[in-house]
Asks: 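One structure follows; several queries about it will come next.
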Number of protein chains: 2
Amino acid sequence: MIKAEATSTPSKLLDAALVEFAAHGFEAASTRAIAARAGVHQPQINYHFSSKAALWRAAVDHLFAQLAADIAPVVADAGDDRARFASAVRAFVHFAAAHPELNRIMVHEATVDSDRLRWLVDTHVRAAFGFVTNMWRTLRADDAVPAIDDTVVYYLLVGGASLLYVNAAEARLLRPDVDPTDPSLIDAHADALVALLLGPAVARSTAPTTTDRPIPSPRS
Amino acid sequence: MIKAEATSTPSKLLDAALVEFAAHGFEAASTRAIAARAGVHQPQINYHFSSKAALWRAAVDHLFAQLAADIAPVVADAGDDRARFASAVRAFVHFAAAHPELNRIMVHEATVDSDRLRWLVDTHVRAAFGFVTNMWRTLRADDAVPAIDDTVVYYLLVGGASLLYVNAAEARLLRPDVDPTDPSLIDAHADALVALLLGPAVARSTAPTTTDRPIPSPRS
DNA sequence: GTCTATAATTAGATAGAC
DNA sequence: GTCTATCTAATTATAGAC
């Protein structure tokens, strides 16, 4: 199941709203365009949701719930902290590729302070930030990872994981022969990010000690 | 000189336009807000520039010219390819921190195909992309860097270098005690990115063999 | 070159028939 | 619950006095 086909009007509106808000940002996205994409008339938005802002919050809630559903089981799995962190990074890269709307909405909103940004941070982002930074400080205490500040790591990780998919339209213009939705590219991307942050030992979750497609350490 | 105080109306409009376009995106940024920020009246925009779109292009041209002026001398310096690449990465991190407008405008535009995106890519981005990917392939041919695809590296690099500053408003909400404009944080960020991509040997341009603030290799 | 006034368009939200 | 019609406000751009 890649994506269930929405049936009810509210559900169709949520899906359409995500695409439009992600593409254009809150202000520039029009309720008429959202309604047209959903195949309904514009006043339906105010009927099923009380306002454009309420639709935006509902759409963002829906998306973060999907992220939590994807990440939670991976993190709950057994294994040491390094392996769990590596699995979480890989799952996040795959989510960023499958749902570029999430990080598109984040960068549209996070460039300037606003009520929407405060709501985003308090409702959804702070918990994710805490998970990453707490985990990283734990790993650093064991000398299991490079000595990089946890806030810096958070933005290295999120930025490095998401920009290829956030800017997929740009990537297609730069490299028409590369498809940002190609699963093997996404796997290679996730492997690279894990190898850079945690070292090659945990680079492949499915084959922890594999020697195929080795990622050599940078020479020192 | 951090930033010259603009005097002429066109110059004040360019500076104001960068801030507004970066904060809100092209569509959501209003010419009235740009004019108000510049301290002039709104019709001055159409007098000095022919349209909102022409003002946007002029502002973007101005910003990419500053980027080129910052990066070119660093790249022209002597040194082997690894050292030149490391210096370019460091200079880019510092530029992203000093001019967050550049990457904010990029993410606002690159989320969806448009005439503005095509103009951006053809006029400014393709050359930068070519520099990074050509350099990376050269380094890979010498086994001097990890075996990561060059397109993936470009987005890892740009995303990892810029998101902390693009999303500075979010970062301040998450960590009120951390200032994304703090020079020591920016240095640490640049060092970390260089160390991850090129190894700790070239982590500090000013002290290539220093042992203070070591960045240990991830254990394998 | 700068100002006031305004034209033409489009936005989110609402009223009321069905 | 869905439709048409429309209200109010905001947008970019222009006209014309100075």
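Letters A, B, ... are given to chains in the order of the sequence lines, protein chains preceding strands, and every chain is numbered from 1.
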Asks: Would you call A:D187 and A:R90 a salt bridge, taking side-chain N to carboxylate O under 4.0 Å as the test?
Replies: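 So A:D187 does not pair with A:R90 through a salt bridge.
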Asks: Provide, to the nearest angstrom, the distance between the CD atom belonging to A:E27 and the P atom belonging to D:dT11.
Replies: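 Spelled out: CD on A:E27 to P on D:dT11 is 10 Å.
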Asks: Where along residues 29-40 of chain A does a heavy atom fall under 4.0 Å from DNA chain C?
Replies: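 Of all residues in residues 29-40 of chain A, the ones placing a heavy atom under 4.0 Å from DNA chain C are A:A29, A:S30, A:T31, A:R32.
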Asks: Indicate whether the side chain of B:D61 and that of B:H124 have a donor and an acceptor atom separated by less than 3.5 Å.
Replies: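 Result is yes, a qualifying pair exists.
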Asks: At what distance, to the nearest 0.5 angstrom, does CD of B:E27 lie from OG of A:S30?
Replies: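 B:E27 CD to A:S30 OG: 10.5 Å, rounded to 0.5 Å.
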Asks: Output yes when a side-chain donor or acceptor of A:D149 lies under 3.5 Å from a complementary backbone atom of A:V152, and no otherwise.
Replies: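 At least one qualifying donor-acceptor pair exists.
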Asks: Are any side-chain N or O atoms of B:R84 and backbone N or O atoms of B:V75, one a donor and one an acceptor, separated by less than 3.5 Å?
Replies: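 Present.
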Asks: Donor-acceptor pair, distance only, cut-off 3.5 Å: does the side chain of B:W136 make one with the backbone of B:I148?
Replies: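 Yes; at least one donor-acceptor contact below 3.5 Å.
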Asks: Which residues, if any, of residues 42-56 of chain A bring a heavy atom under 4.0 Å of DNA chain D?
Replies: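 Contacting residues: A:P43, A:Q44, A:Y47, A:H48.
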Asks: At less than 4.0 Å, is any side-chain N or O atom of A:H41 found next to OP1 or OP2 of D:dT2? Yes or no.
Replies: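 Checking A:H41 against D:dT2: no side-chain N or O falls below 4.0 Å of OP1 or OP2.
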Asks: Would a distance-only check, ignoring hydrogens and angles, find a side-chain to backbone donor-acceptor pair under 3.5 Å from A:H94 to A:I186?
Replies: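 A pair under 3.5 Å: no.
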Asks: Once you round to the nearest 0.5 Å, how far does CD of B:E101 lie from OG1 of A:T111?
Replies: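 Going from CD on B:E101 over to OG1 on A:T111, the span is 10.5 Å.
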